[in-house]
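Everything below concerns the one structure shown next.
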Amino acid sequence: MRRKSKKGIYLFVIILLAIGAGVYALYTSQSFERESPKIAAPGKIYWNLKKPLTITITDNSGIKEYQAVLHSGSQSVTLEKQMLSNPQKKVMLQLKPPSTFEPQSRSASIEISAVDKSLWKFSGNRAKKTIQIVIDTKKPNLSLVDNSYSITKGGSALVVFYCKDPNLDQVYIATNFGKKFYAEPFYKDGYYIALIAWPVMQESFRADIIAFDKAGNKARSHVPLYLKNRRYKTSKINLKKSFLEGKVEDLAVDFPKTRNMSPIEKFKYVNETVRQMNEKLIHTLTAAVPKERINGFTLRPFYPLKNAAPVASFGTHRYYYYNGKLVSESYHLGLDLASVRRAPIKASNRGDVVFADYNGIYGNMPIISHGLGLYTLYGHCSTVLVKKGESVARGETIAKTGNTGLALGDHLHFGILVQGVEVRPEEWMDARWIKANITDVIKEAKKIIDQE
């Protein structure tokens with residue numbers, strides 16, 4: 001009897017354990033998962049009622065039911081409702097307003113709900129999310145105020161415009177070659193000012209002011225500029241063995257991959273690959289535009305080197321030959337000036353130093369920001385007398401000329417950039433050009449703004 005009693009107890013315990021294990025397995029199985037569906041959407045959306053709103057719902061067990069309801073004033077419209085016979089782990093809703101929908105106000109909401117196929121609580125896990133909707137169907141108010149009359153290939157121009165929208169998101173000047181020039185707030189609320197540039201390597205130029213609001217409404221205004229095409233020099237340079245074994249070798253030694261290259265291969269690597277790296281840094285450093293409002297932009301002509309003579313022009317397309325064979329090419333994107341050895345380089349206008357270090361083929365190189373996205377660059381210096389983060393005054397000596405980097409003789413490579421684009425220094429060294437294209441445009445723009 002005792003043996004039978006013990007066997008019965010053991011059997012009962014085994015059955016209980018088996019039932020417990022079965023219940024636990026069922027309880028922890030995917031069929032009884034307890035995680036609610038996830039509704040991926042921001043808490044607030046701006047909607048122009050043109051493009052569908054994309055809402056994503058995900059769930060590990062699978063979504064079996066969902067719906068989206070738009071509420072506007074006293075209106076409630078079901079945008080989408082589905083019962084899925086084959087539950088999906090991911091559902092992407094493309095919500096469109098009904099053709100008969102007329103918003104009663106700029107404020108609305110969309111209520112998203114979803115149920116998964118889990119057996120938890122018998123009816124499944126539920127999720128609900130309410131999204132606040134700002135209905136905005138109007139494009140930004142955009143208009144041109146004034147601009148420079150013309151722009152020269154390789155040169156600069158100024159644009160002043162008005163843009164207002166309660167939900168303004170982006171405003172910039174787009175070009176036909178993909179570059180965006182950003183504007184700075186100007187003079188009074190809603191007005192903007194920007195310098196733009198026509199790169200020397202681009203054959204054509206077009207500029208349009210573009211404004212987007214947060215709902216995706218777009219406004220466009222063309223900038224009417226008279227285009228002055230300009231021919232730039234080409235230069236044939238015969239490489240000498242002494243140059244390849246001297247300057248080029250000194251620059252190439254910093255790059256291990258050039259170790260087993262021939263002298264010509266090293267030159268090609270330095271002139272093309274290293275140049276590209278150096279110019280990428282320059283373009284990054286000079287791309288920023290201040291965000292503070294400005295009332296004007298007064299500059300004196302740039303004259304960094306006293307009693308200097310130009311020794312190489314801006315925009316020259318250089319072709320390099322060795323033993324009569326073309327081996328490489330590049331563009332010269334500055335104006336080379338020379339006077340005496342280690343001549344003092346002076347800041348012609350106040351500014352902030354954004355870089356003061358060595359930069360490959362440009363050697364020791366300070367860069368100064370003068371505001372409105374205008375920067376000056378001073379290459380091949382023997383000594384740099386300023387540091388990054390410092391402000392410099394007009395007339396202050398910032399460096400001395402030299403031959404560091406890919407340079408043979410002592411000189412200054414003087415560069416000017418507009419939002420990361422190299423432009424003709426000669427324009428910014430000409431008082432008449434500055435007056436006609438910058439100062440007078442700002443003065444006239446203020447008159448127009450004051451009359452509005």
Side-chain angles (χ1 to χ4, degrees), residues 140-164 168 171-175 181-198 205-211 219-228 230 286 288-304 347-352 368-376 391-395 416-419 421 423-452:
N141 184 2
L142 178 65
S143 61
L144 180 69
V145 176
D146 201 12
N147 59 268
S148 305
Y149 168 72
S150 65
I151 188 169
T152 300
K153 181 180 179 182
S156 314
L158 187 74
V159 181
V160 180
F161 61 93
Y162 173 80
C163 184
K164 202 71 176 277
L168 187 63
V171 60
Y172 55 84
I173 299 174
T175 60
F181 292 94
Y182 292 93
E184 189 172 353
F186 172 67
Y187 193 44
K188 291 183 180 180
D189 187 38
Y191 293 92
Y192 296 86
I193 186 170
L195 286 171
I196 58 176
W198 181 357
F205 183 82
R206 179 186 170 92
D208 296 280
I209 309 165
I210 305 292
R220 177 193 294 267
S221 180
H222 178 60
V223 182
L225 290 162
Y226 177 71
L227 305 183
K228 293 183 176 180
R230 181 182 177 88
T286 59
V289 181
K291 296 181 179 180
E292 301 81 11
R293 180 188 292 180
I294 62 171
N295 290 325
F297 191 59
T298 304
L299 288 174
R300 291 184 177 231
F302 287 93
Y303 189 57
S348 302
N349 292 280
R350 70 151 306 279
D352 300 314
I368 298 175
S369 168
H370 300 281
L372 203 57
L374 183 72
Y375 296 80
T376 51
S391 294
V392 297
R394 184 174 65 85
I416 294 187
L417 297 100
V418 170
Q419 290 194 42
V421 176
V423 295
R424 295 181 64 226
E426 293 92 335
E427 289 184 342
W428 296 94
M429 299 170 80
D430 183 347
R432 288 181 299 177
W433 184 90
I434 293 174
K435 181 179 183 300
N437 291 274
I438 307 297
T439 311
D440 288 353
V441 175
I442 290 175
K443 191 180 295 183
E444 183 61 27
K446 284 185 173 182
K447 286 182 182 178
I448 296 171
I449 293 169
D450 287 336
Q451 291 168 2
E452 293 181 349

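Everything numeric in this text was worked out from a predicted model, so none of it was measured.
- Counting all heavy atoms, side chain and backbone alike, Glu292 lies closest to Glu184 at O-OE2, 2.7 Å.
- The structure places NZ of Lys443 at 13.5 Å from CD1 of Ile448, a figure rounded to the nearest 0.5 Å.
- Gln419 places a side-chain N or O within 3.5 Å of a backbone atom of Tyr182 that can act as its donor or acceptor partner.
- Residues Ser221 and Leu142 approach most closely at N-CD2, 3.8 Å, considering heavy atoms.
- Between atom CZ of residue Arg350 and atom NE2 of residue His370 there is a gap of 9.0 Å, rounded to the nearest 0.5 Å.
- In terms of modelled atom types and a separation under 3.5 Å, the side chain of Asp430 and the main chain of Glu426 share no donor-acceptor contact.
- Here CD1 of Ile416 is found 11.0 Å from CD1 of Ile368. Values are rounded to the nearest 0.5 Å.
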>> For a side chain to side chain contact (heavy atoms under 4.5 Å, CB included) check, start with the C-alpha distance between Asp450 and Tyr187, then their side-chain angles and the critical distance, and finish with the verdict.
In response: CA-CA 10 Å; Asp450 287 336; Tyr187 193 44; 2.9 Å; yes
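- The environment of Arg300 atom CZ is sparse: at most 12 non-hydrogen atoms of other residues, nucleotides or ligands sit within 6.0 angstrom.
- Contact record, Ile173 with Ala207: CG2-CB, 3.9 Å, taken as the closest heavy-atom pair.
- In this structure, the side chain of Glu444 does not engage the main chain of Asp146 through any donor-acceptor pair within 3.5 Å.
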> Can you check side chain to side chain contact (heavy atoms under 4.5 Å, CB included) on Val171 and Phe161, steps first, answer last?
Replying inline: CA-CA 10 Å; Val171 60; Phe161 61 93; 3.5 Å; yes
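- Taking CG from Asp208 and OH from Tyr172, the interatomic distance works out to 10.0 Å, rounded to the nearest 0.5 Å.
- Within 6.0 Å of OH in Tyr303 there are more than 12 heavy atoms belonging to other residues, nucleotides or ligands.
- Smallest separation of non-hydrogen atoms from Ile210 and Ala174: CG1-CB, 3.8 Å.
- A side-chain contact (heavy atoms from CB on, under 4.5 Å) with Leu299 is found for exactly one of Ile438, Leu374, Thr439, Leu372, namely Leu374.
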Under 3.5 Å, which donor-acceptor pairs do the side chains of residues 189-197 form with other protein atoms, sequence neighbours left out?
from	atom 1	to	atom 2	distance (Å)
Asp189	OD2	Lys164	NZ	3.1
Tyr191	OH	Glu452	OE1	2.5

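- For the pair Val145 and Tyr162, the tightest heavy-atom approach, listed with the atom from each and the gap, is CG2-N, 3.9 Å.
- The nearest pair of heavy atoms linking Lys228 to Trp198 is O-CZ3, 3.7 Å.
- Summarising the geometry, atom CG belonging to Leu168 is positioned 4.5 Å from atom SG belonging to Cys163; distances are rounded to the nearest 0.5 Å.
- Put simply, NZ on Lys446 and CZ on Phe186 are 5.5 Å apart, with the number rounded to the nearest 0.5 Å.
- The local environment of NZ in Lys188 is crowded, with over 12 non-hydrogen atoms from other residues, nucleotides or ligands closer than 6.0 Å.
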>> For Ser148 and Trp433: C-alpha separation, side-chain torsions, deciding distance, then whether side chain to side chain contact (heavy atoms under 4.5 Å, CB included) applies.
In response: CA-CA 10 Å; Ser148 305; Trp433 184 90; over 6 Å; no
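- By the 4.5 Å heavy-atom criterion applied to side chains, Leu158 and Asn147 are not counted as neighbours.
- Residues Trp428 and Ser348 have side chains that never bring a donor and an acceptor to within less than 3.5 angstrom of each other.
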